[in-house]
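Report on the following structure.
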Amino acid sequence: MRLKEGSFLWYLYLDKIHCLLSVRNVKALAEYFHILDVHGKNTLNDVLFYHFLHHVTDLKKAQIYLVFDMLDWNAVGEIGFEQFYMLVCMLLAHQDHLEGQFMYRHSRPVFDLLDLNGDGQISAENFGKYRFLFNIHKQELKDLFHDFGLTGDNLLNYQEFKLYTIIYADKLQRRQKTEEKEKGDRKRSLYSKRKCHIK
């Protein structure tokens, strides 16, 4: 999944530490939400939601409606600004490769969204449906439920999920630091080769 370049969301800034928008960005997003709300009900129905996500992302129709159903947790056929804000933060976190940090910083709301039955547990099947939002591969999902599902029932409670988000965020940070170091080493190597050629 990616944001389409030039769309409104492309110009919003997500704080890399807290994975939240600035007050100025929230105000702009609220105005955008009200423009999308053609019915003036302070909500977006599934059709408006579909057209919004289709315009700003490359998600497929089935994925868009899956996300809508997840956000419409009380099944009224509409989402409000709170859910819209959460979605935008998820999209921006995905775009900026901050999925692990986002899940860590907002573990309770993310857990509640993924807990489709409201029973205080996330099933592997439900998490698997939405893994594209968090850039989690199938094998990582299997490992997650194997390593963190302490009860062995293929379900995660909130404590197990929170532990996973802590370790996953740390793993992603270490991976990014390693990639940055390798990138810096390559640049230095290239610079020294060029310097040798010049002499």
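- With contacts defined as side-chain heavy-atom distances shorter than 4.5 Å, the pair F68/L44 does not qualify.
- Atom CG of D96 sits about 11.0 Å away from atom CG of L91, to the nearest 0.5 Å.
- Shown here is Q139, whose CD atom has more than 12 heavy atoms of other residues, nucleotides or ligands within 6.0 Å.
- Rounded to the nearest 0.5 Å, atoms OG1 (T43) and CZ (F81) are 13.5 Å apart.
- When all heavy atoms of L114 and M70 are compared, the closest pair comes out as CD2-SD, 4.2 Å.
- S7 places a side-chain N or O within donor-acceptor distance of the main-chain N or O of K4, the cut-off being under 3.5 Å.
- Atom-to-atom distance recorded for H54:NE2 and K60:NZ is 12.0 Å, nearest 0.5 angstrom.
- Looking at I136 and F127, their side chains come closer than 4.5 Å, going by heavy atoms from C-beta outward.
- Proximity of the aromatic rings of Y50 and Y65 is defined here by a centroid distance below 6.0 angstrom, and this criterion is met.
- In this structure the side chain of V56 never reaches within 4.5 angstrom of the side chain of W10, judged on heavy atoms.
- Both L36 and Y11 are part of a single hydrophobic cluster, where members link through side-chain heavy atoms under 4.5 Å apart.
- Applying the salt bridge (Lys or Arg N to Asp or Glu O under 4.0 Å) definition to pairs two or more places apart or across chains, those involving residues 36-48 are K41-E78.
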query = Does the side-chain contact (heavy atoms from CB on, under 4.5 Å) test come out yes or no for K129 and L66, once each step is laid out?
reply = CA-CA 8 Å; K129 288 179 191 176; L66 197 64; 3.9 Å; yes
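- Less than 6.0 angstrom separates the ring centroid of F84 from the ring centroid of F52.
- No chain of hydrophobic side-chain contacts below 4.5 Å, direct or via other Ile, Leu, Val, Met, Phe, Trp or Tyr residues, connects V67 to V47.
- Contact between Q95 and L3 at its shortest, heavy atoms only, is OE1-N, 3.0 Å.
- Between L29 and V88, the closest side-chain pair of non-hydrogen atoms falls below 4.5 Å.
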ask   = Yes or no on side-chain contact (heavy atoms from CB on, under 4.5 Å) for V26 and V23, after CA distance, side-chain angles and deciding distance?
value = CA-CA 5 Å; V26 171; V23 174; 5.6 Å; no
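- Not one N or O on the side chain of N117 forms a donor-acceptor pair closer than 3.5 Å with the backbone of D119.
- Judged by distance alone, the side chain of H106 and the main-chain N or O of Q101 form no donor-acceptor pair under 3.5 Å.
- Of the possible donor and acceptor atoms, one in the side chain of N157 sits under 3.5 Å from a partner among the backbone N and O of Q159.
- Within the model, atoms CZ of R108 and CG of D115 stand 8.5 Å from one another, a figure rounded to the nearest 0.5 Å.
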message = Evaluate L113 against M86 for side-chain contact (heavy atoms from CB on, under 4.5 Å), listing each step before the verdict.
response = CA-CA 10 Å; L113 285 174; M86 181 76 162; 3.9 Å; yes
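- Counting heavy atoms from C-beta outward, Y13 and S22 have side chains that stay 4.5 Å or more apart.
- A distance of 11.5 Å separates CG of D147 from CD of E160, quoted to the nearest 0.5 Å.
- Across all non-hydrogen atoms, the minimal contact from I64 to F49 is O-CE2, 3.5 Å.
- The heavy-atom pair separating L133 from E99 by the smallest distance is O-CG, 4.3 Å.
- For R105 (side chain) and I17 (main-chain N/O), a donor-acceptor pair under 3.5 Å exists by modelled atom type.
- Clustering ILVMFWY residues whenever any of their side-chain heavy atoms sit less than 4.5 angstrom apart, transitively, puts F33 in a cluster other than the one holding V76.
- Side-chain contact check for L155 versus I122: every heavy-atom pair is 4.5 Å or farther apart.
- Across all non-hydrogen atoms, the minimal contact from N42 to H34 is OD1-CE1, 3.0 Å.
- Under 3.5 Å, the side chains of Y164 and S107 contain no donor-acceptor pair of N or O atoms.
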task = Before giving the answer on side-chain contact (heavy atoms from CB on, under 4.5 Å), spell out for V110 and Y130 the whole-Å C-alpha distance, their side-chain angles and the decisive distance to 0.1 Å.
result = CA-CA 11 Å; V110 170; Y130 302 101; over 6 Å; no
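- Note that the NE2 atom of H146 and the CG atom of D143 stand 8.5 Å from one another [nearest 0.5 Å].
- Sequence neighbours left out, not one pair with a member in residues 23-35 passes salt bridge (Lys or Arg N to Asp or Glu O under 4.0 Å).
- For the pair Y104 and K162, the minimum side-chain heavy-atom distance is below 4.5 Å.
- In this structure, L59 and L53 have side chains that are in contact, with non-hydrogen atoms separated by less than 4.5 Å.
- Contact between L9 and L92 at its shortest, heavy atoms only, is O-CD2, 3.4 Å.
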